[in-house]
Amino acid sequence: MRRHATSDVSLHYLDFHAGPGQGDPVFLLHGLGSCAEDWRPQIDALAGKHRLIVPDLRGHGISPAPDGAWRIGDFANDLFNLMDQLDLPRVHLVGFSLGGMVALEVANRAPHRVASLCLINSQPFQGGKPASLLFAYWLRRTVIATFGLKAMGRIIGKKLFPEPAQQGLVERFAAQMAGMSRRAYLAALDAIFHWHITLQAQALATPLLIVAADQDYTPVASKHAFAAQFQHCEFQIIANSRHATPLDQAPRVNALLQSFLSLPPHSK
């Protein structure tokens, strides 16, 4: 098996084995400030039908946070390293936000190792960065420098989960952010901000499911324009959802993933 990894970061991961005939394993890749355990609604829905591998990305959860600047390519190298460690030549990749960027980077560099791709509220910005992204980047850096990660987590959490019934999710997210290294969070934030990708023709043939929240940070129209580049793309809009769609609309996401992952390769 050809190895692509140049990473020496050993990721912590959860591994849920399914029975015979499970097909290619499914990687679930979380977003910025999150961790593997935040995929619990999807783990509960998909485990038993598919082998699930759910890593803490570098600097998140209990995975190590190497020194120096990070790029999305470094996150991808960590994933290649884990795939090689587990002797997995080909996998399905499901990525949310930051995790979607990492998944797309992997698919672009080694499309033969990606059976299918699902991006949830995640896309590259081709061309100049929108003003909203520039504002969000510098706002986060300013708040973290002034008030710390827990305050940032509470601000983001209230935007992600504004309903009274979601207050527990706000507290959980704020606590999780407070427990993360400031250096690691900023290194990951910088990796997102500086990411640029030129999609290769083989990657554009990868079967793709795009899940777009109707109230995400970036408009549905921009995700539609991105999706139009792919040869085989299913596009689903999730109503009454902000950015954290795997948590705020878990049953709908679970149903879409179950349907997409169960399709034979020629049907995707």
Side-chain angles (χ1 to χ4, degrees), residues 1 4-5 7 9-64 75-107 110 113-122 169 172-173 176 179-180 206-209 211 236 238 244-265 268:
M1 179 174 67
H4 295 82
S7 170
V9 176
S10 182
L11 298 179
H12 169 262
Y13 63 95
L14 308 175
D15 193 347
F16 300 88
H17 286 266
Q22 62 191 348
D24 295 313
V26 179
F27 274 65
L28 302 177
L29 308 177
H30 64 75
L32 176 63
S34 185
C35 68
E37 279 295 339
D38 285 338
W39 286 107
R40 183 55 59 180
Q42 287 68 49
I43 291 168
D44 291 345
L46 299 173
K49 305 177 184 70
H50 305 274
R51 182 182 177 186
L52 301 179
I53 298 162
V54 194
D56 288 332
L57 299 179
R58 60 165 55 200
H60 294 72
I62 57 176
S63 285
F75 286 85
N77 284 338
D78 298 341
L79 206 63
F80 282 127
N81 186 52
L82 181 56
M83 291 167 64
D84 292 344
Q85 175 188 330
L86 297 174
D87 197 24
L88 299 176
R90 195 163 181 259
V91 300
H92 300 276
L93 296 177
V94 178
F96 161 59
S97 195
L98 165 62
M101 299 175 186
V102 177
L104 189 59
E105 185 80 18
V106 169
R113 298 193 68 175
V114 179
S116 72
L117 190 60
C118 173
L119 305 180
I120 303 174
N121 295 332
S122 185
L169 290 172
R172 174 180 158 189
F173 186 78
Q176 194 163 276
M180 188 174 179
T206 305
L208 173 65
L209 168 64
V211 177
Q236 294 286 345
I238 307 297
T245 305
L247 288 172
D248 72 19
Q249 293 293 340
R252 179 70 174 130
V253 171
N254 295 347
L256 289 172
L257 289 176
Q258 287 171 334
S259 175
F260 182 69
L261 292 169
S262 67
L263 289 173
K268 287 189 173 81

Nearest heavy-atom approach of Cys35 to Gln176 is SG-OE1, 3.5 Å
Here the pair of heavy atoms bringing Phe16 nearest to Ala47 is CB-CB, 4.4 Å
Just say parallel, tilted or perpendicular for the rings of His60 and His30, cut-offs at 30° and 60°.
tilted
Residue pairs passing the salt bridge (Lys or Arg N to Asp or Glu O under 4.0 Å) test with at least one member in residues 22-31, sequence neighbours excluded, are Asp24-Arg90
Minimum side-chain heavy-atom gap [X]-[Y] below 4.5 Å:
| X | Y | result |
| --- | --- | --- |
| Gln258 | Leu46 | yes |
| Val94 | Trp39 | yes |
| Pro246 | Ile120 | yes |
| Leu29 | Leu79 | yes |
| Leu52 | Leu14 | no |
| Asp78 | Leu57 | no |
| Leu88 | Ile53 | yes |
| Val106 | Phe27 | no |

What verdict does the side-chain contact (heavy atoms from CB on, under 4.5 Å) test give for Arg40 and Ile43, after you've listed the backbone C-alpha separation in whole Å, the side-chain angles of each residue and the deciding distance to 0.1 Å?
CA-CA 5 Å; Arg40 183 55 59 180; Ile43 291 168; 3.6 Å; yes
* Can you list the steps and then say if His50 with His92 is a side-chain contact (heavy atoms from CB on, under 4.5 Å)? -> CA-CA 10 Å; His50 305 274; His92 300 276; 5.8 Å; no
Give a yes or no on whether the backbone of [Y] and the side-chain of [X] come within a donor-acceptor separation of less than 3.5 Å.
| X | Y | result |
| --- | --- | --- |
| Arg113 | Pro89 | yes |
| Asp56 | Ala36 | yes |
| Gln236 | Leu256 | no |
| Ser122 | Phe96 | no |
| Asn254 | Pro41 | yes |
| Ser116 | Pro207 | no |

When Leu93, Leu209, Leu28 are each screened for side chain to side chain contact (heavy atoms under 4.5 Å, CB included) with Cys118, the one that passes is Leu209
Could you give the distance from [atom1] ([X]) to [atom2] ([Y]), rounded to the nearest 0.5 Å?
| X | Y | atom1 | atom2 | result |
| --- | --- | --- | --- | --- |
| Leu11 | Asn81 | CG | CG | 7.5 Å |
| Phe75 | Leu98 | CZ | CG | 5.0 Å |
| Leu247 | Ser34 | CG | OG | 7.0 Å |
| Arg58 | Ser63 | CZ | OG | 10.0 Å |
| Thr206 | Leu117 | OG1 | CG | 6.5 Å |

Step by step, work out the side-chain contact (heavy atoms from CB on, under 4.5 Å) result for Arg252 and Val211. CA-CA 10 Å; Arg252 179 70 174 130; Val211 177; over 6 Å; no
